[in-house]
Amino acid sequence: MVRAIVGANWGDEGKGKITDMLAKESDIIIRFQGGSNAGHTIINDYGKFALHLLPSGVFYQHTTSIIGNGVALNIPYLVKEIQSLVDRGVPKPHILVSDRAQILMPYHVLFDTYEEARLAGKSFGSTKSGIAPFYSDKYAKIGFQVSELFDEELLKEKCERVCEIKNVLLEHLYHKPLLDPKELFEELTGYRDMIAPYVCDVSSYLHNAIKEGKNILLEGQLGSLKDPDHGIYPMVTSSSTLAAYGAIGAGIAPYEIKNITTVVKAYSSAVGAGAFVSEIFGDEADELRRRGGDGGEYGATTGRPRRVGWFDAVATRYGCRIQGTTEVAFTVLDVLGYLDEIPVCIGYEIDGEVTREFPTTAKLEKAKPVLTRLPGWKCDIRGIKKYEDLPENCRKYIEFVEKEIEAPITMVSNGPGREDIILRK
Ligand code: GDP
């Protein structure tokens, strides 16, 4: 059975924790999009980890962790991330990398940085991991596929061709040092040796695994609202964050994805720029940010303070729908225990009219939140294992959200650890 674990919002919903937890019952965990630009925080018996490129299944010996063809593969970063786990006592995970994955090049990081500097105040808030230049090159057909590392003649010729294009921009747009095709070729030869032990025809591997009835998890990065097509364009990421893309980014049939578990957070948080209707500011925000997540709402990759706000039912209902959600994991609920009343955004007011539909970006920028308030439960719910044992107001909050988002909440996460989970049905 193939199950996708994806986010309904702006990312940081707690997908890492849910994936790590579900990985226990799985055979294979695959990253199908994105790169090392976002992080998953996982707390388990080995300690606390922020994974950026590896799937969140790497802590189990019985699982195979796969980097699918849809990922932006930063090879030195991957090797370093594997080593950092081993250094902290995690047994070396079993890892495969698709021979069709494309390689995030050192110049992608440079171009990302140069472009952010050029845009200055108008930048997209990129993490400068090279993701946008990487995907641009992939679709402009000047990307390097892992398989190409193993053909020296082709590689040499391609290095020349790509440097020619890149150097025009470096010279005339950014006024930066030029790339040398010979140096680039040498670097890629190093990459080839690093990645060789992991390379695999992943699509074929998965085809067989599905036939054998293996349990497979597709792990998404970020969330619905960062999708380049269905999110808050242009403040989005450069690869699709939707479960549907899991089929493409892993190389399996779309109808094999039987379960789409969408992770939804009990309040809102976002990093980077872009419309955020239910955002809060000042002391109210500082308090939520400080109590939020595990040790505060700060980006796992960048350490940037996250923007925070109340639960947004409009954005989340849309986020769940566009994912094709079959069930919801509702996370970080324990954090809200300090509030007397909990505001929830149930509509957007745009030009004097209230809507429950999530609009396109220009309209979204004008939206004001329509809030309702639910009574808080004023206690710590960590450690509770059964749904019935949750305080009544807490259950009412969950059931209110469930009705609003029109998708069944089957898991409630009440702490950052593997065991902090309440299964509902
Ligand atoms: P991801 O990118 O979706 O995996 O999310 P992140 O890992 O970036 O952010 C989620 C944060 O919330 C991390 O710090 C997790 O340890 C933490 N977390 C996940 N679930 C819970 C929960 O139920 N309660 C609390 N307090 N923290 C949680």
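Counting begins at 1 with the first residue of the sequence. These values consider heavy atoms only, across backbone and side chains, with no hydrogens, waters or symmetry-generated copies. Each ligand, and each atom within it, is numbered from 1 in the order the structure gives.
- Residue Glu419 holds its CD atom at 9.5 Å from CE of Met21, rounded to the nearest 0.5 Å.
- Near Lys17, meaning under 4.0 Å from any of its heavy atoms, are these atoms of ligand 1: 20 (N).
- Using a 3.5 Å distance cut-off with no hydrogens or angles, the side chains of Thr262 and Thr325 do pair a donor with an acceptor.
- Contacts between Asn414 and ligand 1 below 4.0 angstrom, taking non-hydrogen atoms only, involve the backbone exclusively.
- Closest to atom 24 (N) of ligand 1 by heavy atom, among Leu222, Asp334, Asp12, Thr331, is Asp334.
- Close approach of ligand 1 to Ser413 (heavy-atom distance below 4.0 Å) involves ligand atoms 20 (N), 21 (C), 22 (C), 23 (O).
- Judged by the shortest distance from any of its heavy atoms, Gly7 lies outside the 4.0 Å radius around the atoms of ligand 1.
- Geometrically, ligand 1 and Ile43 share no nitrogen or oxygen pair separated by less than 3.5 Å.
- Checked by distance only, ligand 1 and Val335 stay at 3.5 Å or farther apart across all their nitrogen or oxygen atoms.
- Rounding to the nearest 0.5 Å places NE2 of His94 at 9.5 Å from CD1 of Ile28.
- Ligand 1 lies within reach of Arg306, whose nearest heavy atom is under 4.0 Å from it.
- Residue Arg382 places a heavy atom under 4.0 Å from ligand 1.
- With sequence neighbours excluded, the residues satisfying side-chain contact (heavy atoms from CB on, under 4.5 Å) with Asn44 are Asp20, Ile42, Tyr46, Phe49, Phe59, Arg418.
- By the 3.5 Å distance cut-off applied to N or O atoms, Val332 is counted among the residues near ligand 1.
- Neither side chain, Tyr135 nor Gln102, offers a donor N or O lying under 3.5 Å from an acceptor on the other.
- Between atom CG of residue Leu51 and atom CD of residue Glu219 there is a gap of 8.0 Å, rounded to the nearest 0.5 Å.
- Judged by distance alone, the side chains of Thr316 and Asn9 do bring a donor and an acceptor atom under 3.5 Å apart.
- Taking every non-hydrogen atom of Gly16 and a distance limit under 4.0 Å, the qualifying atoms of ligand 1 come out as 1 (P), 4 (O).
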One pair to check against side-chain contact (heavy atoms from CB on, under 4.5 Å): Asn74 and His52. What are the steps and the verdict? CA-CA 10 Å; Asn74 183 330; His52 301 283; over 6 Å; no
